[in-house]
Protein chains: 2
Amino acid sequence: MTEPTTPLRARDRARAEVMSELLAAARARLESEGSAALSLRAVARDLGMASSAVYRYVPSRDALLTLLIIEAYDAVGEVAEKVAADAHGADPAQTWLEVARAVRRWALDQPYSFELIYGTPVRGYRAPDDTVRSAVRLWGVIIGLLMAAARDGVLDPAGPDFDPAGRMAPEALAVAGFTDPTTVPDDVARIAIRSGTLFTSLVGAISVELFGHLHHVAGDYARFFDVTIATSAAGVGLRVSLD
Amino acid sequence: MTEPTTPLRARDRARAEVMSELLAAARARLESEGSAALSLRAVARDLGMASSAVYRYVPSRDALLTLLIIEAYDAVGEVAEKVAADAHGADPAQTWLEVARAVRRWALDQPYSFELIYGTPVRGYRAPDDTVRSAVRLWGVIIGLLMAAARDGVLDPAGPDFDPAGRMAPEALAVAGFTDPTTVPDDVARIAIRSGTLFTSLVGAISVELFGHLHHVAGDYARFFDVTIATSAAGVGLRVSLD
DNA sequence: GAGAAACGAGAGCAGTGCTCTCTGCTGTGA
DNA sequence: TCACAGCAGAGAGCACTGCTCTCGTTTCTC
């Protein structure tokens, strides 16, 4: 009803609507068949339009995939953030286990979305800045938990660290709230390093399970996952107890 | 010169030769452009033959990829086995670091081969038994190192383990030399579990780096890798010292 | 040497990403 | 109010893909 300088005219509304239908159809095809089989023409057919018309909305197939990538990053980020937020005040170590479990559950529920972001990168895809902002949300949760653990005195200060501040990218420190690398206290920088290890073990554990590398090795995947998470957590000084 | 019951006639020799040229061409295209861009027709062109003729040697594109997958598994396995063998008697923990570094180097040198085996699985690919035998070689090295560590008394027996024997797949135990699951001593089964964590952290650390997830986070990738490996090793009771 | 088996080439089918052109429709400024 | 610019969509077409089928030719086997 309000009329701003750039109002939403009928055409713009129609365009936005088609765009969201397009994304929904693409998402559906992604979830059911995987990114490799996601064809722009098939999505166009689902929408009942000519394939050439899709190019009015999306410059290329890779661009469409990029949109789905951002969606996926936001989805995992949201899952992790929600679990962390719901655990108000609980032991950060146990919260980390819950976060990790939730991310694993998300990945098992939509394996193709997980693959899209943490599997083999899409050919010709170069992360645009929009992606980075969404991609980094999971990191943010991990860093937050480690900082809480340090604050609570639950984080074992010893561990295989190394001169950290100088080797962390400014973006990573910015996630933790430090815009000027030189002002970062040593313990915070150490936390950033440890967050990398936790992130790696999380992504690694899910990848290895999802991509079939445990097929002839582990029996109980969920338990194996828990043990892996607990082990890497112990490595960075977080004591996670299982059952 | 010897003439077995099934001698290598001229045709068979030609066939074997074409087959190896085919594989070589496919490998070259894989290394330069990645598996997604590997086209059977392009390989056929490289060999100067009609695309349809390639189907006399390989039933499908996926089958060709499967052959490359086996090659890649054997390549990493060989790298790991060589490093482990060359470290005769050295501290198993340090040897593990060397093995991990060598695998990382291999992955950075031929990223597309690494992707092929540890990235998103090829669509429509279901691991045939030939693959399993090659895929499990890296696991074998890890288990060997852990057993050596246990023998030398270097392996911290404590750690986040769980009732192991019942939950390990028979194939995994077979790698460690135990064909009958019921005869597996508890400590060996524990080792198998820990090998999973080491394997996961190795694959995870390389994936995360290779697939660009450290791009805005870590500065010194090699150092980050070492720290991750050392951390997860510490988690399973192996003390790795860096420099 | 005759018949069978294997080999290679070519045409062809269905599918893909993407471009170009043409036709309507919509929103805008005179 | 009306002509004009810009946009959405459709269709044809190009170059590419995996894969199949057919048709000669070569090679091995009996």
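Quick note: numbers below take in every heavy atom, side chains included, and nothing from hydrogens, waters or symmetry partners. Note that the coordinates shown come from a computational prediction; the quantities given were computed from them, not determined experimentally. Protein chains get the first letters and strands the later ones, always in sequence-line order, with residue 1 at the start of each.
- Atom-to-atom, CG of B/Leu65 to C1' of D/dC19 comes out at 15 Å; the value is rounded to the nearest Å.
- Here D/dC19 is the nucleotide among C/dC18, D/dC19, D/dT17 with the atom lying nearest to any side-chain atom of B/Tyr55.
- Between B/Ala84 and B/Thr95, the shortest heavy-atom distance links the atoms CA-CG2, 4.1 Å.
- Taking both residues in full, the closest heavy atoms of B/Val203 and B/Phe114 are given as O-CZ, 4.1 Å, listed atom of the first, atom of the second, then distance.
- The distance from atom CG of B/Leu64 to atom P of D/dC19 is 10 Å, rounded to the nearest whole Å.
- A search for salt bridge (charged side-chain N to carboxylate O under 4.0 Å, His left out) contacts involving B/Arg101 returns B/Glu98, B/Asp226, not counting sequence neighbours.
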Heavy-atom protein contacts under 4.0 Å, nucleotides 5-15 of chain D, coded B base, S sugar-phosphate only, - none: -BSBBBB-B--
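- Per the geometry, CE belonging to B/Met19 stands 16 Å off C1' belonging to C/dA6, to the nearest Å.
- Protein atom CG of A/Leu40 is 7 Å distant from nucleotide atom P of C/dC18, rounded to whole Å.
- Residue A/Asp62 contributes atom CG, which lies 16 Å from atom P of C/dT16 at whole-angstrom precision.
- Minimum interatomic distance between B/Ser207 and B/Tyr118 (heavy atoms only, all atoms of both residues): OG-O, 4.4 Å.
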Does A/Glu115 form a side chain to side chain contact (heavy atoms under 4.5 Å, CB included) with A/Phe211? I'd like the steps, not just the answer. CA-CA 9 Å; A/Glu115 284 184 11; A/Phe211 298 166; 3.5 Å; yes
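- Among all heavy-atom pairs drawn from A/Val43 and A/Ala26, the shortest one is CG2-CA, 4.0 Å.
- With rounding to whole Å, B/Asp46 atom CG is found 15 Å from D/dT17 atom C1'.
- The interatomic distance linking B/Arg61 (CZ) with D/dC19 (P) rounds to 8 Å, in whole Å.
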